[in-house]
Amino acid sequence: MKWVEIITLRCLARAEREFADEYLDLVRRQKRAGLPKSIDIYHHLVVETDLSIHLHWETEARPSCESFLGREISYTLRDLGLLNHSIWIEDWNSK
């Protein structure tokens, strides 16, 4: 099953966004078990302090909750601003 965790963050200041960028760069470089198939990071076109982190997963079973990595990222970034964490499952009917 393909699914994606999306963590969106609206930082309160530019310095906090820079901290988030450095932290996410470290996460992407880590070589440990249980990492997603890919980690994509997007920055808002106009609002410099907004970013969206996409953790792409492929698992045998349907996810029952956020991944450990997703919860770790959310926990680390939660005090930097407004944070939303959601899970999206691939829609098989759209193929």
Nearest heavy-atom contact between I7 and G70 is CD1-O, 3.6 Å
Would you indicate whether Y75, at its atom OH, is surrounded by more than 12 heavy atoms from other residues, nucleotides or ligands within a distance under 6.0 Å?
no
For atom CG of L26, decide whether the heavy atoms of other residues, nucleotides or ligands shown that lie under 6.0 angstrom number more than 12.
yes
CG of N84 to OG of S52: how many Å apart, nearest 0.5 Å?
9.5 Å
Is there a path from Y23 to I41 through hydrophobic residues (I, L, V, M, F, W, Y) whose side chains come within less than 4.5 Å of each other?
yes
Honestly curious: do Y42 and V47 fall in one hydrophobic cluster under the side-chain, below-4.5 Å linking rule?
no
Between the side chains of W57 and E5, is a donor N or O closer than 3.5 angstrom to an acceptor N or O?
yes
Is a donor from one side chain sitting under 3.5 angstrom from an acceptor on the other, for E66 and S74?
no
Walk me through whether H44 and R10 qualify under side chain to side chain donor-acceptor pair (under 3.5 Å).
CA-CA 10 Å; H44 194 278; R10 173 163 282 181; 5.6 Å; no
Determine whether I89 and L69 fall in the same hydrophobic cluster, where Ile, Leu, Val, Met, Phe, Trp and Tyr are linked whenever their side-chain heavy atoms lie under 4.5 Å apart.
yes
Would I39 and L24 satisfy side-chain contact (heavy atoms from CB on, under 4.5 Å), going step by step from the backbone distance to the final call?
CA-CA 9 Å; I39 300 173; L24 293 169; 6.0 Å; no
Where do E60 and M1 land on the side-chain contact (heavy atoms from CB on, under 4.5 Å) test, with the steps shown first?
CA-CA 6 Å; E60 294 293 322; M1 169 166 285; over 6 Å; no
Mark yes when over 12 heavy atoms from residues, nucleotides or ligands other than R62 sit less than 6.0 Å from its CZ; otherwise mark no.
no
Assess, by modelled atom type and distance only, whether the side chains of H56 and D40 contain a donor and an acceptor separated by less than 3.5 Å.
yes
So OG1 of T49 and CD of E16: to nearest 0.5 Å the spacing works out to 9.0 Å
Nearest 0.5 Å please: distance from the CG atom of L77 over to the CZ atom of R17.
11.5 Å
Which hydrophobic side chains are connected to V4, either touching it within the sub-4.5 Å cutoff or through other members that do?
I6, W88
H85-R71 side chain donor-acceptor pair, cut-off 3.5 Å:
no
If you measure from CG on L45 to CG on D50, what distance do you get to the nearest 0.5 Å?
11.0 Å
The reported gap from OG in S38 to CG in L55 (rounded to nearest 0.5 angstrom) is 8.5 Å
Output the distance between atom CG (L9) and atom OG1 (T76), rounded to the nearest 0.5 Å.
11.5 Å
